[in-house]
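Contents: one structure, followed by commentary.
No hydrogens, no waters, no symmetry mates; every other heavy atom, side chains included, goes into these values.
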Amino acid sequence: MIENKERFSRTIALFDTANAEDPNLDEGQPKELLYSRRMSDMIARFAPDASEAAQLAVRAQHIQRWKVPRNTYPMTKEGYHAWRTGLYSFQADTAGELMRQAGYDDAMIERVKKAVGKRGIKSNPETQLLEDIADLVFIEHYMLGFASSKPDYDEGKWLEIIRKTWNKMSKNAQAFALSGKVKLPEALVPLITKAISQ
């Protein structure tokens, strides 16, 4: 239920304007703008009655992600985790600032920042929902491309990646992924089936 539709639309427009600055293109569109729209599309399919905070959070999930490049952190496992943590904070703060410009109060801003910042996965329903949507979007739109970019990964590595993604999802999202309502990457279906059945 959207409390103030004009304010909500204004915020989505601010998020989209921020993501439209992405210099990286995907299918001829700014990469993070396309991603954010795919996130909104997926939440409408998976959780059409999602809270206003959750709908805003999924739209802001990768907001201006390109401004915190991976190579600004050490290229190690620890560096990767530090980059992810820094990215979550940057994205949460960016979303919060744009929401404030649109007229949201501190309570709603904090709810969105908590979800975008990935705080409380498994304990905060809005954070878990954002995680579910991100994983479903990854499976439908990005998993195949990611696989193509990692030709050196063997089957064992892929089974590990798929299981990690699967285990982050709620039971409802797992069921939705297998319901026929998500387009699974055909070439990877045997691997996905193997990963989740073991």
Discussion item. I need the minimum non-hydrogen distance between M108 and A53, along with the two atoms involved.
Written reply: SD-CB, 3.6 Å
Fill in: With D41 via side chain to side chain donor-acceptor pair (under 3.5 Å) - residues at least two apart
R45
Practice prompt. Quick one: pull up CH2 in W158 and NZ in K194 and give me the separation to the nearest 0.5 Å.
Written response: 15.0 Å
Discussion item. Quiz question: by atom type and distance under 3.5 Å, do the side chains of Y35 and R65 form a donor-acceptor pair?
Written reply: no
Worksheet item: Can you find a pair of side-chain heavy atoms, one from D93 and one from K113, that are under 4.5 Å apart?
Response: yes
Worksheet entry | T127 side, atom OG1; D132 side, atom CG - distance, nearest 0.5 Å | 11.0 Å
Could you list the donor-acceptor pairs under 3.5 angstrom formed by side chains in residues 171-189, with sequence neighbours left out?
from	atom 1	to	atom 2	distance (Å)
Q174	NE2	W166	O	2.8
S179	OG	F176	O	2.7
S179	OG	K181	N	3.2

Worksheet item: What are the two closest non-hydrogen atoms of A50 and L129, and how far apart are they?
Response: CB-CD2, 3.8 Å
Response to the item:
Looking only at heavy atoms, the pair that brings Q61 and A134 closest together is NE2-CB, 3.6 Å
Discussion item. Assess the residue pair K168 and I121 against the criterion (side-chain contact (heavy atoms from CB on, under 4.5 Å)); give the C-alpha distance rounded to whole Å, side-chain angles, the decisive distance to 0.1 Å, and a yes or no.
Written reply: CA-CA 8 Å; K168 286 189 288 184; I121 290 180; 5.7 Å; no
Fill in: Minimal non-hydrogen separation, T11 against A102, with atom names
OG1-CB, 3.1 Å
Worksheet item: Hey, does E21 have a side-chain heavy atom less than 4.5 Å from the side chain of W66?
Response: yes
Worksheet item: Do D22 and Q29 have side-chain heavy atoms sitting under 4.5 Å apart?
Response: no
Discussion item. My understanding is that only residues two or more places apart in sequence, or in another chain, count here; which of them pass salt bridge (Lys or Arg N to Asp or Glu O under 4.0 Å) with D16?
Written reply: R37, R59
Response to the item:
Between the OG atom in S9 and the CG atom in N4, the distance rounded to the nearest 0.5 Å is 9.0 Å
Worksheet, complete the sentence: For R7, the salt bridge (Lys or Arg N to Asp or Glu O under 4.0 Å) test, sequence neighbours excluded, returns E3
Practice prompt. Run the salt-bridge test on R119 and E110 with the 4.0 Å N-O cut-off and return the result as yes or no.
Written response: yes
Discussion item. Under 4.5 Å between side-chain heavy atoms, counting indirect links through other Ile/Leu/Val/Met/Phe/Trp/Tyr residues: same cluster for L34 and V58 or not?
Written reply: no
Fill in: Same apolar cluster (I L V M F W Y, side chains within < 4.5 Å links), V116/Y88
no
Worksheet item: Hey, does the side chain of Q128 reach the backbone of K122 with a donor-acceptor pair shorter than 3.5 angstrom?
Response: yes
Worksheet entry | Contacts of F15 that satisfy ring-ring contact (aromatic ring centres under 6.0 Å, His included) - sequence neighbours left out | none
Worksheet item: What is the minimum heavy-atom distance between L136 and M169, and which atoms define it?
Response: CD2-CE, 3.7 Å
Worksheet item: Quick one: side chain to side chain contact (heavy atoms under 4.5 Å, CB included) partners of D49, sequence neighbours excluded?
Response: none
Worksheet item: Distance from D135 atom CG to K164 atom NZ, nearest 0.5 Å?
Response: 13.0 Å
Worksheet entry | Hydrophobic cluster of L25, others only, ordered by chain and residue number, side-chain cut-off 4.5 Å | none
Worksheet entry | Interatomic distance, L98 atom CG to T94 atom OG1 [nearest 0.5 angstrom] | 7.0 Å
Worksheet item: For K31, does the NZ atom sit with more than 12 other heavy atoms under 6.0 Å from it, leaving out its own atoms?
Response: no
Response to the item:
side chain to side chain donor-acceptor pair (under 3.5 Å) filter on T85, not counting sequence neighbours, yields none
Item to complete: Would you kindly confirm whether F146 and M39 end up in one hydrophobic cluster when ILVMFWY residues are joined by side chain heavy atoms under 4.5 Å apart?
Response: yes
Fill in: V137 versus R38, closest heavy-atom pair with distance
CG2-O, 3.7 Å
Worksheet item: Hydrophobic clusters join Ile, Leu, Val, Met, Phe, Trp and Tyr when side-chain heavy atoms are under 4.5 Å apart, directly or via other members; which others share one with L33?
Response: none
Discussion item. Test of understanding: with ring-ring contact (aromatic ring centres under 6.0 Å, His included), list the residues that count as partners of H141, not counting sequence neighbours.
Written reply: none
Worksheet entry | Stepwise side-chain contact (heavy atoms from CB on, under 4.5 Å) check, K150 with I161 | CA-CA 12 Å; K150 305 289 182 186; I161 288 168; over 6 Å; no
Item to complete: Hey, could you give me the CD1/CG distance between I43 and L56, rounded to the nearest 0.5 Å?
Response: 9.5 Å
Discussion item. The criterion is side chain to side chain donor-acceptor pair (under 3.5 Å); which residues satisfy it with E97, sequence neighbours excluded?
Written reply: none
Worksheet item: Rest of the hydrophobic cluster containing Y80 (Ile/Leu/Val/Met/Phe/Trp/Tyr, side-chain heavy atoms under 4.5 Å)?
Response: V68, Y73, W83, L87, F90
